[in-house]
Visitor: 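Once you've had a glance at the structure underneath, I'll fire off some questions.
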Amino acid sequence: MQRGDTMADLTTDVRNIRGIGDQRAKALSKLDIRTLRDLISYFPRTYDDRTAIKAIADLQPGEAACVAAMVAAVPTLSRIRKGLELVKLRAVDETGALDVTFFNQGWQKNNLKVGQTYQFYGKAEGNLLRRQMANPVVEPEGRGELTGRIVPVYPLTAGVSQLILSRSVRQGLDACADILPDVLPDTVRQEHHLCHIGFAYENIHFPASPEALDVARRRLAFEELFLFTIGLKRLRSRRDDVRVPPCRDVDMDVFYKALPFTLTGAQRRCVEEALADMKAGKPMNRLCQGDVGSGKTMVAAACVYFMVQNGRQAALMAPTEILAKQHFDGLSPLLETLGIRCALLTGSMPAKIKREAGNQLAAGELNFVIGTHALLSEGVAFSDLGLVVTDEQHRFGVAQRAALSAKGDSPHMLVMSATPIPRTLALILYGDLDVSVIDELPPGRQKIKTVAVSGGYRERIYGFLRKEIAAGRQAYIVCPQVEESEESDERKAVTEYAQHLQQEVFPDLRVTFVHGRMKAKEKNAVMTAFANRETDILVATTVIEVGVDVPNATVMVVENAERFGLSQLHQLRGRVGRGQHPSTCVLISDHPSEETRARLRVMAQTGDGFKIAEEDLRLRGPGDFFGLRQHGLPGLKIADLGCDTLLLREAQDAALSLLSADPELDSCPATTARVEELFAQNADTLN
Ligand code: ADP
Ligand code: MG
């Protein structure tokens, strides 16, 4: 704009960028790159340092390197067999000769000219007398696009090559060089020694040096965390403006006396924190975090009791039918004795019963409903929904929570999560929620003995299972995982493994199985049978990861344990050790790497979910596990919450001090605009 350019802004469609036509735009759209901003924010996954040009004589077999060499003779083209073309040539520098082969790139024969010098990059092969390279990257000397520099490596998809992508990014950067708005206020940028935005984008894609890359990355990660903090703070203050009639005080002793046990101090504290919220006249938005088995359900039940005594309704949403059913079976007898009318509502229930429950809810004849996503369906309405509880938060997004709360008039929200989040991350992940932590287990819990072994121990493990089952216990086996690419074969893997166990290993025992592709009804039937001790061994996928409570089960065997994150293993392990019997978790892995074994050893050493989460984060990074997008918050593209802890703190401090100096951000409209863009999704879903 400043230059009178046709390039309006970063929202410009990529097809309008010089050098990117419809064809390429279509390919890029497969990577979700549609606008100029998408393009320049499509960051490399990693980099290939091709800076050093080696002499041919210095090439080490097995090592990837660049050489600058002259084509010494006309390349030959031969067809070895149908569909396999071979171009061979010899290239030389002052120190020696290199034999280069290209497979199925017949065009290289005429592309590479005798007497011309090219830069080749590839893995050196052969031996010290005869050096070779197969399918190297090649470009004319001096072009410096693919060789002789640090080259970005982008995540790709079919139809888009590294070259297409890096050329497109180049075009994109050139197109917006002068219009990139700096969303960081200048004072913040200077105070924290951050580079200019133009330098950052240029060097994150095409680093002039490793140092320049560091500077660029630091700036962009800071920016991301800074904007994120501001966005969350604003979401939260917007919520703080909403007023609701405060709940009145309730004599909770009636509830406490009805329980078969005494709540732990931590449970009591969480209940009190939640009740204080609900009495304050603002919608509660609280996360109750507690390790597996810490007794979150009772905290929820206390809140439900409190709300119903206030004359309003409550809903509990669980991620699976199994869990919803289990909560219903566990809670309704208790709550019914307290005069609370409860119902279960899940997708697999007959339409007639669902309709009936819906009618009763709408008429105010039910006080409390427990269900799955089915609660979100249009037919479900409440007469006066005052409290929404969601269990196992990482399975729901902000949007789903919001959809349920939309069925009431700013109802209070309690989110329960068994995923312990290290403190450093709580603000980022749950910045819009207040947090209570249940940091104490009910008394008498025994430590779950955990061992990590190789497959060679399988016979002995089966022997151990047999002994436990003879003693009246039950066991879970998480079956070998299928490769991600064959996810559809999950069913096959489970059924075959269960069949193998039943026929060949435990013909005298009762083996069943459950997997995510079964109908809800079938799943329920299998789980109920297991809970009723009608079966001995349950072979499962990770569908049993969340919440399931069968106190008589004392053994958890996990095959291919290396495929799981530590936090996930911790969740799985939490399925046992729920009764009075000592329990064992066996992690089987034949993975040879020391890193894997170290990871599994962590599991054997500690039962503390918070420690495990921290370790997980350190070893794996947050990406897959914490899934920001799943939380409905803008994802972090470049900041790594695992490594950037210090930067996170710095960016948070900067954001908070800016907000306290200028709460409406009047001094930096570019910052506000960007935050609003990033949080656009949340603007409609959060009140
Ligand atoms: P989670 O936090 O994993 O959801 P649950 O709420 O399922 O844990 O509780 C685990 C088990 O502990 C349940 O069987 C529950 O009845 C029991 N429990 C909960 N609170 C207490 C307590 N204060 N004392 C004894 N047992 C408890
Ligand atoms: Mg639970």
Side-chain angles (χ1 to χ4, degrees), residues 252-253 255-274 286-305 316-335 337 370-372 389-396 414-421 435-448 474 476 527 530-533 542-554 556 567-581 583 585 607-610 612-613:
M252 293 298 291
D253 277 346
F255 174 78
Y256 293 140
K257 285 203 182 109
L259 296 182
F261 41 70
T262 317
L263 291 190
T264 62
Q267 283 171 311
R268 279 295 278 268
R269 183 168 37 74
C270 290
V271 172
E272 271 150 30
E273 284 167 355
R286 183 167 290 277
L287 172 75
C288 173
Q289 223 184 77
D291 210 343
V292 263
S294 60
K296 293 182 289 291
T297 316
M298 277 308 150
V299 172
C303 293
V304 168
Y305 176 79
L316 190 164
M317 181 161 70
T320 65
E321 298 227 354
I322 294 175
L323 264 180
K325 172 95 172 39
Q326 195 171 288
H327 279 316
F328 181 77
D329 293 342
L331 291 180
S332 63
L334 167 74
L335 295 174
T337 61
I370 297 175
T372 53
V389 183
T390 49
D391 190 13
E392 313 297 349
Q393 127 100 14
H394 67 283
R395 298 281 166 125
F396 294 114
L414 181 68
V415 176
M416 300 193 292
S417 171
T419 311
I421 306 295
V435 181
S436 293
V437 180
I438 310 186
D439 48 8
E440 177 189 354
L441 293 183
R445 283 289 155 76
Q446 311 193 24
K447 194 167 176 295
I448 301 162
Q474 292 162 284
Y476 295 103
M527 290 309 300
F530 188 67
N532 293 340
R533 296 203 198 183
T542 51
V543 289
I544 51 159
E545 171 196 342
V546 257
V548 172
D549 191 20
V550 180
N552 190 52
T554 56
M556 165 64 68
S567 296
Q568 207 178 3
L569 288 176
H570 183 62
Q571 288 284 323
L572 285 170
R573 175 167 66 181
R575 298 311 107 218
V576 296
R578 302 176 80 87
Q580 77 268 36
H581 306 287
S583 296
C585 172
D608 179 338
F610 280 86
I612 286 170

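Every number for a ligand or one of its atoms is a count from 1 in the order of the listing. Position 1 is the first residue of the sequence, and the numbers go up from there.
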Visitor: Heavy-atom contact under 4.0 Å between G290 and ligand 1?
Guide: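 Judged by the 4.0 Å heavy-atom criterion, G290 does not count as contacting ligand 1.
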Visitor: Under a 4.5 Å cut-off applied to non-hydrogen side-chain atoms, are Q267 and I438 in contact?
Guide: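 They are in contact (side-chain heavy atoms under 4.5 Å apart), so the answer is yes.
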Visitor: Taking atom 2 (O) of ligand 1 as the point of reference, which of K296, H327, Q267 owns the nearest heavy atom?
Guide: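 Among K296, H327, Q267, the closest heavy atom to atom 2 (O) of ligand 1 comes from K296.
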Visitor: Relative to the heavy atoms of T262, which atoms of ligand 1 are at a distance of less than 4.0 Å?
Guide: 22 (C), 23 (N), 24 (N)
Visitor: Would you confirm whether Q474, through its side chain, and F530, through its main-chain N or O, come within 3.5 Å as a donor-acceptor pair?
Guide: yes
Visitor: For atom NZ of K257, is the number of surrounding heavy atoms from other residues, nucleotides or ligands below 6.0 Å larger than 12?
Guide: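 No, NZ of K257 has 12 or fewer neighbouring heavy atoms, counting only those of other groups under 6.0 Å.
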Visitor: With the side chain counted from C-beta on, respond yes when T297 and M416 share a heavy-atom pair under 4.5 Å apart, and no when they do not.
Guide: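 No, every pair of side-chain atoms sits at 4.5 Å or beyond.
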Visitor: With heavy-atom distances below 4.0 Å as the criterion, list the atoms of ligand 1 near T264.
Guide: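 So the atoms of ligand 1 that pass are 23 (N).
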Visitor: Checking the N or O distance criterion of under 3.5 Å, is ligand 1 in contact with P442?
Guide: no
Visitor: Hey, which atoms in ligand 1 end up nearer than 4.0 Å to a heavy atom of V292?
Guide: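 Once the distances to V292 are compared, the set is 3 (O).
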Visitor: Would you mind running through ligand 1 and noting each atom that sits below 4.0 Å from a heavy atom of S294?
Guide: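 This gives 2 (O), 8 (O) as the contact atoms.
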Visitor: Show me which atoms of ligand 1 lie under 4.0 Å from any heavy atom of L263.
Guide: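 Per the distance check, 23 (N).
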Visitor: Just by modelled atom types, is the A266 backbone N or O under 3.5 Å from a matching donor or acceptor in the E440 side chain?
Guide: yes
Visitor: For ligand 1, which atoms sit closer than 4.0 Å to a heavy atom of T297?
Guide: 4 (O), 5 (P), 6 (O), 7 (O)
Visitor: For D549, counting its heavy atoms only, list the atoms of ligand 1 lying under 4.0 Å from any of them.
Guide: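 Here the atoms of ligand 1 in question are 13 (C), 14 (O).
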Visitor: Report yes if the side chains of M298 and L334 come closer than 4.5 Å at any heavy-atom pair, otherwise no.
Guide: yes
Visitor: In the structure I gave you, are the side-chain heavy atoms of R573 and I612 within less than 4.5 Å of one another anywhere?
Guide: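 A side-chain contact under 4.5 Å exists here.
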